[in-house]
2 protein chains.
Amino acid sequence: MANQKETKKEAILKAAKTLFWQHGLRRVSIVEICSSANVSKMTFYKYFANKEVLAEYLITEMLTNWHNDYRSVMNSDLDFTAKINQVIALEQQASQNMSEEFLGDIYNNEFVDLQQLITNYRDSYHAEIVKDMIEAQKSGQVRADIKPEFILYLLEDISKKVMDEKLSKLYPSKQAVILELTNYFFYGIINPANESHV
Amino acid sequence: MANQKETKKEAILKAAKTLFWQHGLRRVSIVEICSSANVSKMTFYKYFANKEVLAEYLITEMLTNWHNDYRSVMNSDLDFTAKINQVIALEQQASQNMSEEFLGDIYNNEFVDLQQLITNYRDSYHAEIVKDMIEAQKSGQVRADIKPEFILYLLEDISKKVMDEKLSKLYPSKQAVILELTNYFFYGIINPANESHV
DNA sequence: GTTTAATTTGACGTTATTCGTACATTTATT
DNA sequence: AATAAATGTACGAATAACGTCAAATTAAAC
């Protein structure tokens, strides 16, 4: 019954995402989204109050998707190193999903509400990661004398470094960069005592 | 003396090119170009009457660059197959230089003068290519019974096919696609009598 | 150090674009 | 045939972009 409504709404979301990801928020107009989604302007306003609300929807969707992926990784039966590998891969594709153009637009222009939204999600997710790291320390998978927040910092740092062009030039592929970085990461934090047990 | 003028002008051109290539003509404003080039609006109008004239400058630059490259290839001492290989490579990087966003914007919106400019250059270059192909026929490097305009058509067709995603999926890399296409191209047009002479 | 030229700044009126809403019409659904 | 959903057009209001100007600042040249 509400099936075609979903179709229209999804068409708007899909078109908006493509345009926002490519050009950011400021450069894309509502009518542009509508004509790209083959939808009239009124239908747009039936589902979204304005452009910012639509962006809010997309951001929320994206961030909760990330969170679900993260949780399913952390709840899996993989060993800790495999989990972290997966998480790094997630961070990787998440930062690719969130295009520079989109984020830059949000932060360079006066979309304060969206900034706040992202910040809130980030904070909550980061707290969760830290909690997971503390748990990993308790079970002996991570050095006990390392500050959990520092691990979080390292994870973010790795994401940045993967994008670093100077670093990329030292390796044949981005895969190689990631491998090097994760190796470096593990030999720094993995509990040697725990490893020898395996 | 006119050295710093060049610097300012070039800064504008560089910034504009980056922005145009990413977002097209319509989405980019003059003040945006200026602030990206660290130049005031007045300086912009000192060098360019408006946005369209600036785009005209960039397009002309790009197309004449292509032409110079093409001529230096065709005037070289390479044999015919090597020349065509180079030309295909040129077409390749030219279509990458001219971003979809930029060209699409010119043709979807009312930038009629720019459309005309591009068309004129294309026509003139195409005539030149056809002339070169007729020359290649006379010197026995290309089958005499093939229509020169058809060779031009094939060259453009190869450029399109390289971009074709369906085709790309059949090969491990874009290089492999190009190799396959050029091989196909040569075995179709190369004069077997001439080859056996070598 | 003064003069001269180049560049920037801020403001301006004008034009174009975008926004959000309203209503009559058309297109689907049931 | 009746009901609901979606469209197209038009609208005033708000915003953004355009192109121009004179005055102020900075840099270069003498």
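Numbers restart at 1 for each chain; the letters A, B, ... are given by sequence-line order, proteins then strands.
Counting to the nearest Å, the P atom of C:dA22 and the NZ atom of A:Lys46 are 13 Å from each other. Between the P atom of D:dA27 and the CG atom of B:Asn38 lies a distance of 14 Å, rounded to the nearest Å.
Note that the CE atom of B:Met62 and the OH atom of B:Tyr121 stand 10.5 Å from one another [nearest 0.5 Å].
Ring orientation note: the planes of A:Tyr125 and A:His67 are close to parallel, at an angle under 30° on the 30°/60° scale.
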**OP:** Report, as a single string ordered 5' to 3', how protein heavy atoms within less than 4.0 Å touch nucleotides 8-19 of chain D: B base, S sugar-phosphate only, - not at all.
**Re:** B--------SSB
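Not one N or O on the side chain of B:Lys41 forms a donor-acceptor pair closer than 3.5 Å with the backbone of B:Val31. Judged by distance alone, with hydrogens and angles left aside, the side-chain atoms of A:Ser36 form no donor-acceptor pair with the main-chain N or O of A:Glu32 at under 3.5 Å.
In this model, the phosphate group of C:dT8 is approached by a side-chain N or O of B:Thr43 to a distance below 4.0 Å at OP1 or OP2. Applying the 4.0 Å criterion to OP1 and OP2 of D:dT7, one finds that A:Lys8 has a side-chain N or O inside that range.
For residues 55-72 of chain A, the salt bridge (charged side-chain N to carboxylate O under 4.0 Å, His left out) pairs, not counting sequence neighbours, are A:Arg71-A:Glu128, A:Arg71-A:Asp132.
Inter-residue side-chain proximity for B:Leu117 and B:Leu63 is flagged as unmet; no heavy-atom pair is nearer than 4.5 Å.
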